[in-house]
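Scroll down for the structure; my scribbles are underneath it.
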Number of protein chains: 2
Amino acid sequence: METPAEPRFGHSDPTPEQLRAQFGRLLGMTAGHTQRIVNGALADVGARKYHFAVLATLDEFGPSSQAQLSDRTGIYRSDLVATVNELAADGYVRREADPGDRRRNVVSMTEAGGERLGQLAAILTRTNAAILAPFDAEERERLTGLLHRLLEHVADRGSW
Amino acid sequence: METPAEPRFGHSDPTPEQLRAQFGRLLGMTAGHTQRIVNGALADVGARKYHFAVLATLDEFGPSSQAQLSDRTGIYRSDLVATVNELAADGYVRREADPGDRRRNVVSMTEAGGERLGQLAAILTRTNAAILAPFDAEERERLTGLLHRLLEHVADRGSW
DNA sequence: TTATATTCGTTAGCGAGACAAACATTAGTC
DNA sequence: GACTAATGTTTGTCTCGCTAACGAATATAA
């Protein structure tokens, strides 16, 4: 088992079987590439996905506290601080103290924020389409259906 | 109005439409949960996926230089240094200077490393099975088939 | 043969993302 | 008024992917 023998000149770099066989790896690599594409497109305009998540949430629910934003986006409260900071610095959101509850901040989207959301949404629509390009409508449905089921199963706390 | 603060990834508030609609998010969240499960299982025995990747590669190709390991696992050379350090510290691999090329190190798996690989492989087999539990054979094939196609498309450098 | 280029391992560091711990302030309840 | 709970914030940890740079060794071209 610990004897020499071996490659030396094998210039090809095949992926080992045991690695390729892992479903988690397949999923992870696919997601990794996909996210790299999406993140790259967002980064081109100086955004991250947290920005889109917050903006989209504000658009749908209106002014919210940070705790609400955290619950609805899944972003940790601690990470939300930085996200709101960044969005506020660019004038996309406003953060004001809630007069009714002084622990709270009310975060609301500005006009510029609405435009920004439109820009980011367009980017995401575009990249999502490009990513799914090789699939026809039926395959997309199958894929998203399977992924939804998988997500539900895998997100089920208690079983893990 | 609000629920207790915790269960991270399964939020309590409704997920905004624009977020839910993103395919990238679906893929990302699914992969995220999956990897958390896998990483958690590996972490329980003090391992990371890089460890498994290197061990599995050594098992299949025999003693290799770090550059070869990097090529075959996809781990960056710089990150491989730490990985080999860790594995060597635990006695799972040996790192020796290559007498034939003094720039190189020859990394080889020890007996303990072989056992470790068996342990990690068992963990991965188990978690992969659990993850795919809700699917029957035909669905698994469909899912992996679709993911493979997606991976190929999305990993295609040049188009992005 | 000498100069130049390339390879290999290594160190250091960045940034995103997911997450935990602790804390001060403020509200609500007993 | 004391106790508890929620909110926002700071700080820090860890994995992962990725970049830059460097010294040593080797390969190649002039």
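Every chain is numbered from 1, with letters handed out A, B, ... down the list of sequences.
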Kindly write out the residues that satisfy side-chain hydrogen bond (donor to acceptor under 3.5 Å, both in side chains) with [X], not counting sequence neighbours, or none if the list is empty.
X: A/Arg140; result: none
X: B/Asn85; result: B/Arg95
X: B/Asp90; result: none
X: B/Glu115; result: none

List for me each residue that meets salt bridge (charged side-chain N to carboxylate O under 4.0 Å, His left out) alongside [X], sequence neighbours excluded, and say none if there are none.
X: A/Arg103; answer: A/Asp101
X: A/Glu111; answer: none
X: A/Arg149; answer: B/Glu139

Report the distance from atom [atom1] of [X] to atom [atom2] of [N], rounded to the nearest whole Å.
X: B/Arg36; N: C/dG17; atom1: CZ; atom2: P; value: 14 Å
X: B/Arg72; N: C/dC8; atom1: CZ; atom2: P; value: 12 Å
X: A/Tyr76; N: C/dA21; atom1: OH; atom2: P; value: 10 Å

Task: hbond_proxy A/Asp79 side chain to C/dC19 base (donor-acceptor, 3.5 Å cutoff) - done: yes
Open item on the list: Under 4.0 Å from OP1 or OP2 of C/dT10: is there any side-chain N or O of B/Asn105 that close?
Closed with: yes
TODO: Using heavy atoms and a sub-4.0 Å distance, could you list which residues of residues 95-103 of chain A are near DNA chain D? By number, please.
DONE: A/Arg95, A/Arg103
Contacts under 3.5 Å, N or O only, protein and nucleotides 1-3 of chain D:
none

Open item on the list: Quick check against the 3.5 Å criterion: does B/Thr110 have a side-chain atom that pairs as donor or acceptor with the backbone of B/Tyr92?
Closed with: yes
TODO: Would you indicate what A/Ser78 reaches in the nucleic acid, counting non-hydrogen atoms under 4.0 angstrom: base, sugar-phosphate, or nothing?
DONE: base
